[in-house]
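This report refers to the structure that appears directly beneath it.
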Amino acid sequence: MRHGDEGRRGRRCRPERRGWLRRRRGGWLRRGRGRGRGEGIGGGGRGRRRAGRCRDGRSYCNNRHRRRLRAAGSQREADEKQGEGDVGFHIRHYTAVSLPLMDAMPPLSLFLVYSRETSTTETTMTTLIPIERIAAHVGERVTVRGWLQDSTPKGKLLFMRLRDGTGMTQAVAYRPELGDELFEQLKRLGQESSLIVSGTVKANDRAPGVPRGYEIAVEAAEVLQDAQDYPITPKDHGVEFLMDNRHLWLRSSRQWAIMRVRATVKRAIIDFLDGRGFVNIDTPIITPSAAEGTSTLFEVAYFEEKAYLAQTGQLYNEANIMALNKVYCFGPTFRAEKSKTRRHLAEFWMVEPEIAFCDLEELMRLEEEFVSAIVGRTLAERANELELLERDVTPLQNVVAPFPRISYDEAVQRVLAIREATDDPELRDELAIEWGDDFGSPHETELTKQFDRPVFVYGYPTQVKAFYMEPWPGRPEVCKSVDLLAPEGYGEIIGGSERMSDPDVLLAAIRRHELPEANYQWYIDLRRFGSVPHSGFGLGLERTVAWICGLEHIRMTSPFPRTLNRLTP
RNA sequence: UCCUCAGUAGCUCAAUGGCAGAGCGUGCGGCUGUUAACCGCAAUGUUGUUGGUUCGAGUCCAACCUGAGGAGCCA
């Protein structure tokens with residue numbers, strides 16, 4: 001549960017952190033519980049840590065013991081060749097037999113269990129199950145294949161926390177039933193050893209797990225590998241250490257939960273759009289020039305030419321909708337900006353729907369239904385994971401369409417009002433803004449605190465937005481753009497707009513931005529042959545997942561995040 | 001690119017310019033329905049690098065390296 005939690009460090013709250021927390025109050029960070037003195041990240045003081053604990057399966061394996069185990073293993077092999085076995089129970093033969101049972105039923109597996117002590121052979125039927133379905137098997141004999149997350153020996157008892165990728169459960173071994181040798185072997189297994197365990201499922205309120213409240217009374221076990229010296233202990237670790245071990249850190253329960261939420265968010269996105277008749281279409285990743293003309297892009301060698309990794313598929317999707325009406329692309333996107341914040345990755349996933357015959361108002365309706373559906377489905381399907389992440393779900397339960405809509409003009413007024421009301425000179429300084437400026441993250445954070453659900457800000461100044469946005473009728477200094485700002489300080493999760501539909505207006509904008517006109521001829525063509533009002537938006541997957549999970553940093557939402565200073569593992 | 005901070009044992013962190021330490025982890029032993037168990041004993045260091053100040057530098061100074069947070073930019 002707490003393996004390698006980032007931020008669960010016993011470090012005193014340093015001044016710069018306190019300062020940052022003060023500025024950021026109500027913003028990112030803040031995971032409700034388990035933060036020591038309640039100061040958020042890094043706030044857990046040494047005083048809270050209890051001294052002298054010791055646990056986890058690593059503790060019992062020295063080299064001598066490893067040699068002993070190896071010797072036992074080779075002895076066993078020798079015995080088997082001679083038709084003899086060990087004392088105690090061993091799984092000798094394991095066959096998973098898939099039977100065409102009811103849908104989603106796991107396959108039956110057949111175990112041959114030998115007992116050398118009694119010289120009898122038992123044939124035991126057990127069911128191979130994923131741990132996430134353990135509740136449906138109380139009282140049955142089951143088999144679980146997984147990894148030892150943690151174990152605690154208690155005399156004749158051994159509590160093993162077993163994870164199999166679908167969940168985590170407690171397996172309880174009892175020495176008199178297992179026999180000394182197998183019991184000792186299990187007791188001395190290192191953290192992350194791989195093994196197969198069979199036994200009877202029991203409901204027990206004391207049993208931890210995901211789902212909690214169930215345990216397996218171990219009757220047989222086979223060790224696939226006794227792992228030693230797993231580097232990520234169930235203790236405090238720093239970010240750098242954990243990121244260096246990201247390939248292993250992913251096994252920790254928080255990371256596991258985040259990846260499951262991420263998969264559900266992705267699924268919800270795809271299902272929502274497919275259900276609305278959108279056509280999923282792929283846009284190029286290698287592009288000839290910057291689509292929006294602003295961001296710093298990764299340059300790649302494309303035969304004899306320079307090319308760039310795509311920052312958006314939107315322009316291509318504007319071509320696609322003229323063929324397919326409603327489309328979306330969903331894939332990786334790349335930004336080479338040297339951003340070092342908890343909201344930025346160099347590589348992230350973005351879903352970009354684009355809709356023909358759609359104006360700004362219709363776009364906002366689509367976006368709010370979209371986001372509500374994503375949050376609603378995650379709440380329904382990933383309650384265990386959100387609980388494990390200690391995510392307070394009440395703010396998420398408010399995420400139901402319609403969302404409030406405020407104009408940029410009003411947003412500026414609101415920010416200025418907040419600025420007037422604050423006593424904090426630092427905040428006052430950060431909130432300085434004039435009409436025509438884009439919002440920075442302090443502005444967004446303070447603004448979203450006024451609402452209990454995501455909020456639309458529409459009608460930004462033309463000068464701070466991309467060149468292709470439709471001018472506001474009668475107000476050329478404003479464009480038909482809309483950002484969706486997530487609550488709790490998570491910032492912009494969607495940027496969208498109605499696109500220019502007039503070829504002359506578009507050409508003028510391209511020239512005003514001094515973009516290479518020739519590269520945009522095809523884009524202007526789209527307005528020359530059957531132009532229609534159309535709109536679209538992009539939603540950042542990682543920011544959305546970070547918000548839903550209540551994470552302090554976006555890097556935790558990606559299995560192998562690419563950040564300014566990290567390309568490995 | 002700019003601002004702030006950090007780098008000491010495997011990990012997380014202490015150490016007025018004066019013998020480099022603790023907890024966890026690791027090893028050995030004890031105990032036992034545990035939930036980051038507990039009790040006892042033991043081993044563990046090129047203090048990021050280079051140079052400087054000083055009788056003496058983990059500590060002060062300079063440069064560099066690495067990392068973190070923030071700004072800008074953005075999803």
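Please read these numbers as outputs of a predicted model, since none were measured by experiment. Letters go in sequence order (proteins before strands), and every chain restarts at 1.
- Nucleic acid contact class of A/Phe241 (heavy atoms, under 4.0 Å, all strands): sugar-phosphate only.
- Dashed line: the shortest gap from a side-chain N or O of A/Arg188 to OP1 or OP2 of B/rU26 is not under 4.0 Å.
- Within 4.0 Å (heavy atoms only), A/Glu542 reaches no atom of the nucleic acid at all.
- Close to B/rA68, at under 4.0 Å from its OP1 or OP2, lies a side-chain N or O of A/Asn565.
- Residue A/Ile493 is classed as a sugar-phosphate contact, given heavy-atom separations below 4.0 Å to backbone atoms only.
- When Watson-Crick and G-U wobble pairs are counted only if both distances are under 3.5 Å, B/rU53 pairs with no nucleotide at all.
- Partner assigned to B/rC74 is none, using Watson-Crick or G-U wobble distances below 3.5 angstrom.
- Residue A/Glu492 places its side chain closer to B/rA75 than to any other of B/rG33, B/rA75, B/rC73.
- Looking only at atom types and distance, the side chain of A/His344 has no donor-acceptor partner in the side chain of A/Glu337 under 3.5 Å away.
- Put simply, A/Arg343 has a side-chain N or O that comes within less than 4.0 Å of OP1 or OP2 on B/rA71.
- Using a distance-only test at 3.5 Å, with no hydrogens or angles considered, a donor-acceptor pair links the side chain of A/Asp164 to the main chain of A/Ile131.
- A/Leu539 comes within 4.0 angstrom of nothing in the nucleic acid, heavy atoms only.
- Looking at A/Thr233, its side chain has no donor and acceptor atom pair within 3.5 Å of the base of B/rC11.
- One finds no side-chain N or O of A/His237 lying less than 4.0 angstrom from the OP1 or OP2 phosphate oxygen of B/rG10.
- OP1 or OP2 of B/rA71 sits under 4.0 Å from a side-chain N or O of A/Ser441.
- Nearest nucleotide to the A/Glu337 side chain, out of B/rA68, B/rA71, B/rC74: B/rC74.
- Taking the six-membered ring for Trp and thresholds of 30 and 60 degrees, A/Trp349 and A/Phe330 have ring planes more than 60 degrees apart, a perpendicular arrangement.
- Base contact: A/Glu215 has a heavy atom under 4.0 Å from a base atom.
- Here B/rU1 is the nucleotide among B/rU34, B/rA75, B/rU1 with the atom lying nearest to any side-chain atom of A/Lys338.
- Using a 4.0 Å heavy-atom distance criterion, A/Lys156 is classed as making no nucleic acid contact.
- Distance alone, capped at 3.5 Å, is enough to place a donor-acceptor pair between the A/Ser535 side chain and the A/Cys358 backbone.
- If A/Phe439 and A/Thr563 are placed on RNA chain B by their nearest nucleotide, the residue sitting closer to the 5' end is A/Thr563.
- Here B/rA42 sits opposite B/rU26 as a Watson-Crick or G-U wobble pair (both hydrogen-bonding atom distances under 3.5 Å).
- Rounded to the nearest 0.5 angstrom, A/Arg262 CZ and A/Gln255 CD are separated by 12.5 Å.
- Residue contacts for A/Asn204: at a heavy-atom cut-off of 4.0 Å it reaches a base atom on one of the strands shown.
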